[in-house]
J.: 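The structure that follows is given in the form of structure tokens.
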Amino acid sequence: MASKRWRMAIGSDVAGLAYKEMILADLQDDDRVESVRDLGVPASDPESESYGQVGIRLAELVAAGEIDRGVLICGTGIGMAISANKVPGVRATVAHDSFSAERSILSNNCQVLALGQRVIGPELARRLVKEWLGYEFDSSSPSNEKVVVITRYEERFAS
Ligand SMILES: O=C(CO)[C@H](O)COP(=O)(O)O
């Protein structure tokens, strides 16, 4: 299990707002979390932004090294994952089962977990985030060279 304390952020669109509030509270209570930023959408104005705006904002914090990991929630998680993956250096995935959540770290070194509030129940969503925080990528593992293939490709387009 990981010993690191994570600097985190969480965000949602209107379709993921209820889970965002619930998981934010979990993260604030989790000893493994050093800090957690709420990137919206706000409950007071839930239609203010769509998933693309929130997902890209969170991913830019990851790319800038300001946070280690992020959780994004929309109806399916798909729009959030697509948005976050547009930011160079960021690896985001939807994972709605334990094994995929584990492998998203141990195989893929994903910094961002996307969940769908319209797809899975609240207790599974909470459990997946808790489990996901317990894994840490091993850069000496055989998976590293596979992730590096993606990083090298991205670097060809870096300005
Ligand atoms: O799930 C979503 C995007 O992947 C979003 O919460 C809803 O999108 P919509 O179906 O286009 O409203």
Side-chain angles (χ1 to χ4, degrees), residues 6-30 32-33 35-137 143 146-147 149-151 153-154 157-158:
W6 306 111
R7 297 167 302 152
M8 297 196 61
I10 188 167
S12 77
D13 68 358
V14 63
L17 178 59
Y19 283 18
K20 191 257 286 177
E21 300 292 323
M22 185 181 66
I23 292 169
L24 172 62
D26 285 347
L27 295 174
Q28 287 167 335
D29 279 348
D30 194 318
R32 298 168 300 177
V33 176
S35 59
V36 56
R37 292 159 71 163
D38 180 357
L39 301 186
V41 290
S44 56
D45 192 7
E47 306 271 4
S48 54
E49 291 184 307
S50 67
Y51 59 85
Q53 292 157 299
V54 178
I56 290 168
R57 185 159 67 245
L58 185 145
E60 284 181 337
L61 291 177
V62 172
E66 292 187 34
I67 59 170
D68 305 304
R69 289 195 183 180
V71 176
L72 290 167
I73 305 152
C74 61
T76 60
I78 297 170
M80 284 295 194
I82 292 171
S83 306
N85 277 315
K86 295 295 178 194
V87 177
V90 173
R91 292 171 297 278
T93 187
V94 180
H96 285 153
D97 66 277
S98 264
F99 185 68
S100 299
E102 175 189 316
R103 294 321 306 178
S104 77
I105 298 294
L106 300 183
S107 294
N108 312 115
N109 196 12
C110 284
Q111 309 100 326
V112 178
L113 176 65
L115 299 171
Q117 184 173 311
R118 293 174 176 159
V119 183
I120 59 171
E123 294 310 319
L124 177 55
R126 297 175 73 192
R127 178 177 294 211
L128 289 172
V129 173
K130 283 198 179 97
E131 290 178 1
W132 183 72
L133 288 178
Y135 299 110
E136 193 166 357
F137 185 67
S143 292
K146 302 169 195 172
V147 176
V149 171
I150 302 166
T151 308
Y153 178 79
E154 278 184 324
F157 302 97

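Order of listing sets the numbers, starting from 1, for every ligand and every atom in it.
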J.: By ring-ring contact (aromatic ring centres under 6.0 Å, His included), which residues pair with Tyr153, not counting sequence neighbours?
T.: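 Tyr153: ring-ring contact (aromatic ring centres under 6.0 Å, His included) contacts with Phe157.
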
J.: At what distance, to the nearest 0.5 angstrom, does CD1 of Ile78 lie from CG of Leu115?
T.: 12.0 Å

J.: Restricting to salt bridge (Lys or Arg N to Asp or Glu O under 4.0 Å), what partner residues turn up for Arg91, sequence neighbours left out?
T.: none

J.: Anything with a heavy atom under 4.0 Å from ligand 1 counts, so go ahead and list those protein residues by chain and number.
T.: Asp13, Ala15, Tyr51, Cys74, Gly75, Thr76, Ile78, Gly79, Arg118

J.: Check this for me: does any side-chain nitrogen of one of Lys20 and Asp38 sit under 4.0 Å from a carboxylate oxygen of the other?
T.: yes

J.: Of the non-hydrogen atoms in Ala101 and Trp132, which two are nearest, and what is the gap between them?
T.: O-CD1, 3.5 Å

J.: Taking only residues two or more places apart in sequence, or in another chain, which ones meet Arg126 in a salt bridge (Lys or Arg N to Asp or Glu O under 4.0 Å)?
T.: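 By the salt bridge (Lys or Arg N to Asp or Glu O under 4.0 Å) rule, Arg126 matches Asp26, Glu123.
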
